[in-house]
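Working notes, structure below.
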Amino acid sequence: MDPARRKKLEGTTRYEPAEVEARIFAEWIEGGYFHPEAGGDPAENYSVAIPPPNVTGVLHMGHALNGSMQDALVRMNRMRGRNTLWTLGTDHAGIATQAVVEKGLAEEGVSRHELGREAFVERVWAWKEEYGSRIVEQYKRLGASLDYENERFTLDEGYVRAVYRVFKLLYDKGYIYRDNYMVNWDPGSHSAISDLEVENREVEDTLYSIDYPVEGSDRVLTVATVRPETMLADTAVAVNPDDARHADLSGKHCVLPLVGRRLPIVADEHVDPEFGTGALKVTPGHDPNDFEIGRRHGLEEIGVIGPDGRMNEEAGERFAGMAAADAGEAVVVALREEGRLRDEEPYVHSVPFSERSGARIEPLISLQWFCRMDELAAPAIDVVEREEVRITPPQWKRVYLDWMREIRPWCISRQLWWGHRIPVWYCDACEETIVAEEAPERCGACGGPLRQEEDVLDTWFSSALWPFATLGWPEDTPELRAFYPTSFLTTAREILFLWVARMIMTGIEFAGDVPFRDVYVHSVIQARDGRRMSKSLGTGIDPLEEIDEHGADALRFGLLAMSSTQDVRFSDAKVQQGADLANKLWNASRLILLNVAEVEAAPRPVSVEDRWLLSRLEATIASVTAKLEEYDFAHATQEAYAFFWSELCDWYLEIVKPRLYEGEAEVSATLLWTLERILALLHPIMPFVSEEIWSYHPARQGHLAVHSFPEADESLLDPAAEREVRDGIELTGRLRAWRDLVEAPAATVLSARAEGAAPPEFVGRLARCEFVDANARLRSGREESDMDAPSAPSRGDGGDPIAAVGSVKILASAEIDAEAVAARLEARRKELRSEVARAEGKLGNEKFVDRAPAEVVEEERQKLVRYRAELEELSE
RNA sequence: GGGCGCGUAGCUCAGUGGGAGAGCGCUCGCCUCACACGCGAGAGGUCGCUGGUUCGAACCCAGCCGCGCCCACCA
């Protein structure tokens, strides 16, 4: 090792991620490791398309978790030598981005309408150029091995071509159509939104009961509503066909108070006779259910609330122009004046809100573009049923299938300016509608001028094409041939329908194959107090702050360790555990790298503990790898941690230190081999610290990022060595515990005699016992180590045993307090008596002996024999 | 209204038919020449409640109590 490097390694007793991470990342980029050449076969290659973050986005904990998972798998497969692509890109995020820029304009006192469409869109692009790459830079901080040389955007030129092609193809198939239909109008973003972008919240409203007089009689039908202003658009009253109370009214009419309109009384199954009086006012223009009833009965559809949330002229001049909520109050006043208001009471119910703007949804009928989904859904259901697309954990498969089987038409038009403007042109002269991938010059039918549809497409319409549009579809590109289908997708469950399902549908329809083979639905990391992390609640935890404070490796390790099949609270302790692990890796590596003899890295076992270590290493590699492959990140991290920390550091390194300091070649080779493999194994999880340490490893030829991933070597598995060392470890622990209990001074070396087979050498050294055999000859202990000098000449010399610890007898010694020993003895006897009683009870139970598996019974018998023997010994 | 899931050590979570585990926190002892972001040894749990199945239940079944999430058109 270069003397300067050696000096740095010697002097750095703490791993400092901040100093390392930026430098290492630059080296990876310099190496071009994350940008693959388009070649090879998708089945052998490995590719992942990142769920594109919004351009307006900043990295949140969900991105960090999702990114850590993807990067772990991407790095592992890249190291395995597969041609690996992790596609990078961002989503134009129509509503969110438009809102950000509009807010900026508002601060300048300008509205987008004053600016005009073209200028506004230019402003958004300018904003995107300036701020749109923030999140990309943040992924770099995480260490994500994305292909930064080829960043995609859902509005870049090629991508727009893909979107228009898909629109045209779906239109030509008759799936896309334009219709007047009930939509979720979001007054906040001033656009229709899809069902999936609506969330229901519990709200306390007032339920008003209103009397509708029945025409030509004294009777009234009392109906109830929380939105009195909608009564102005009522076009019927409905009752349940089986409701005896109203059976005679079918075919008659009510008179709408305030308005005077005649309302037919219709019978419809939807009406719940238990609710109120069993009469329902029907407002097809402003209620989704009533809309359905209206269509069933051919009712008139009247709209009284406009897209601006205000009453229009249909509401009558008394209410026209008022905000809907104000109109509601005015209607109540008017009804009260007319004596039609029977009752009002507080009423808690769930109400739709826009997830985009937070505004209360205004259901209204509007002319929109829709896409019929059932034909697209059918094959997408098949592939999941047949597990050509596997969904993990499996309960989400059914959730997916249930939703897909009841899929409804998708409202794909949005009344925004930022997005893919719908590729439809209208001729006002001859009323021709032209759908085309490129703007036509003039009307094909009459040659008249054309105007393009004003609306843009739902952002998810373009995201649905992500896995293949990013690879150049509809062109037949080398990238598409090499990397489609992608290998897997990790996702939060909240976008299972919004995004995942739609990618599967479009992938099959347009790219000729499923977009990915595996979908892993990950858990949600909640805030520390169990609430959801949210910007508006102020409960978010900033991953970048965590990285600043603890390092990217620590955050990655922590997130993977805390991930689970169920939602979990963010755990600072797990991130700290990751930081501690990075530091421990660094220091254990220093011990090895600064003390090894100059040798090759190779497994060269010469003792039972060497064979044990190599066996445990290979078993760990096999297990961690399997866990990663099955998306069990929590156990993968835990097992890697446990092997490294307890088995390698706590035991093996302590055991072999004397050999290492002596410069023994075999142990040096074995340690370098082990270090190489554990660094490679951990690299997908903790890429920075592993890469940094690797830079000091004598076997290094290139970056660890492209080093081979360890494959478990079964020939090194050694169950006999594992058993022997495990027993030695257990014995060491018991001897240490005994020392503690009898308060043996730390410096005292106990004399002991092993009954039966001698324990491994390390037991004596680590437990500070000197083993003497029957001839009182030193078997191990100080002779082989240069540990501190013997404390006193008071060591036992084959004297009387004063205690037994397992198969070891402790011999009398001046430093050991006899009373403490006696107390310890008694405690152990008590323990043993209870164990004997338990085993006897079990074995005395005939049913247990008869019905339990033979090996379970036999195991119990052996335990009993052991416990009895030890008890007898102690009772002497 | 339907569906899914969760209640295990002080905290956050593993374990899912044969003697209760991890990390953190806590107690005691150690600045032992890789690491005090460390080392060694401990304490701490009627595994939500009640019944059932079983030789045996944290684990399987039923009911109940508490909590979370998703879907759904009850005015």
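- Comparing A/Leu591 and A/Gly276 against RNA chain B, the residue whose closest nucleotide sits nearer the 5' end is A/Leu591.
- In this structure, the CG atom of A/Asp402 is 11 Å from the P atom of B/G3, given to the nearest Å.
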Dump the pairs, protein N or O against N or O of nucleotides 56-60 of chain B, anything under 3.5 Å, distances to one decimal.
none

If you restrict it to nitrogen or oxygen atoms, what contacts under 3.5 Å exist between nucleotides 71-73 of chain B and the protein, and what is each distance?
residue: B/C73; atom: O4'; partner: A/Asn289; partner atom: OD1; Å: 3.0
residue: B/C73; atom: O2'; partner: A/Asn289; partner atom: OD1; Å: 3.3
residue: B/C73; atom: O2'; partner: A/Asn289; partner atom: ND2; Å: 2.3
residue: B/C73; atom: N1; partner: A/Asn289; partner atom: OD1; Å: 2.9
residue: B/C73; atom: O2; partner: A/His270; partner atom: NE2; Å: 2.9
residue: B/C73; atom: O2; partner: A/Asn289; partner atom: OD1; Å: 3.0

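- Between B/C31 and B/C39, the two P atoms lie 16 Å apart (nearest whole Å).
- Rounded to whole Å, atom P of B/C35 lies 16 Å from atom CG of A/Leu648.
- Going from the P atom of B/U16 to that of B/C61 covers 15 Å, rounded to whole Å.
- A straight line from CD of A/Glu199 to P of B/C69 spans 11 Å, rounded to a whole angstrom.
- Contacts of A/Tyr400 classified as side chain to side chain donor-acceptor pair (under 3.5 Å), with partners at least two apart in sequence or in another chain: none.
- Per the geometry, CD belonging to A/Glu406 stands 19 Å off P belonging to B/G1, to the nearest Å.
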Nucleotides 39-42 of chain B: which of its N/O atoms have a protein N/O under 3.5 Å away?
residue: B/C39; atom: OP1; partner: A/Lys584; partner atom: NZ; Å: 2.7
residue: B/C39; atom: OP1; partner: A/Trp645; partner atom: NE1; Å: 2.8
residue: B/C39; atom: OP1; partner: A/Asp650; partner atom: OD1; Å: 3.2
residue: B/G40; atom: O3'; partner: A/Arg736; partner atom: NH1; Å: 3.4
residue: B/A41; atom: O2'; partner: A/Asp740; partner atom: OD2; Å: 3.2

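- Taking the P atoms as reference points, B/U27 lies 38 Å from B/G17, given to the whole Å.
- Taking the salt bridge (Lys or Arg N to Asp or Glu O under 4.0 Å) definition, one finds that A/Glu630 meets it with nothing, sequence neighbours left out.
- Rounded to an integer number of Å, the gap from A/Asp580 CG to B/C24 P is 7 Å.
- Every residue two or more places apart in sequence or in another chain was checked for a salt bridge (Lys or Arg N to Asp or Glu O under 4.0 Å) with A/Asp850, and none qualifies.
- Contact annotation for A/Val271: base contact, defined as any heavy-atom pair under 4.0 Å involving a base atom.
- Among the heavy atoms of the strands lying under 4.0 Å from A/Tyr867 is at least one base atom, whether or not backbone atoms are also near.
- Interatomic distance, A/Tyr212 OH to A/Leu221 CG, rounded to the nearest 0.5 Å: 10.5 Å.
- Nucleic acid contact for A/Lys281: none, since no nucleic acid atom lies under 4.0 Å from a heavy atom of the residue.
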Pick out the pairs of N or O atoms, protein on one side and nucleotides 11-13 of chain B on the other, that lie under 3.5 Å.
residue: B/U12; atom: OP1; partner: A/Arg569; partner atom: NH1; Å: 3.2
residue: B/C13; atom: OP1; partner: A/Arg569; partner atom: N; Å: 2.7

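- Checked against ring pair (Phe, Tyr, Trp, His ring centres under 6.0 Å), A/Phe644 has no partners two or more places apart in sequence or in another chain.
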Strictly under 3.5 Å: I want the nitrogen or oxygen pairs between protein and nucleotides 43-47 of chain B, one per line.
none

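- Evaluation of the salt bridge (charged side-chain N to carboxylate O under 4.0 Å, His left out) test over residues 568-596 of chain A, restricted to residues two or more places apart or in two chains, returns A/Arg528-A/Asp572.
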Go through the steps for A/Asp740 and A/Arg736 under the test salt bridge (Lys or Arg N to Asp or Glu O under 4.0 Å), then give the verdict.
CA-CA 6 Å; A/Asp740 246 44; A/Arg736 283 167 166 174; over 6 Å; no

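- For residues 223-243 of chain A, the pairs satisfying salt bridge (charged side-chain N to carboxylate O under 4.0 Å, His left out) are A/Arg227-A/Glu229, A/Arg227-A/Glu362, A/Asp234-A/Lys281, A/Asp243-A/Arg245, with sequence neighbours left out.
- With B/C35, B/A14, B/C24 as the choices, the nucleotide that has an atom nearest any side-chain atom of A/His635 turns out to be B/A14.
- B/G45 sits 15 Å from B/C26 when the C1' atoms are compared, rounded to a whole Å.
- Judged by distance alone, with hydrogens and angles left aside, the side-chain atoms of A/Thr637 form a donor-acceptor pair with the main-chain N or O of A/Ala634 at under 3.5 Å.
- Listed by chain and residue number, nothing satisfies the ring pair (Phe, Tyr, Trp, His ring centres under 6.0 Å) test with A/Trp738 (two or more places apart in sequence, or in another chain).
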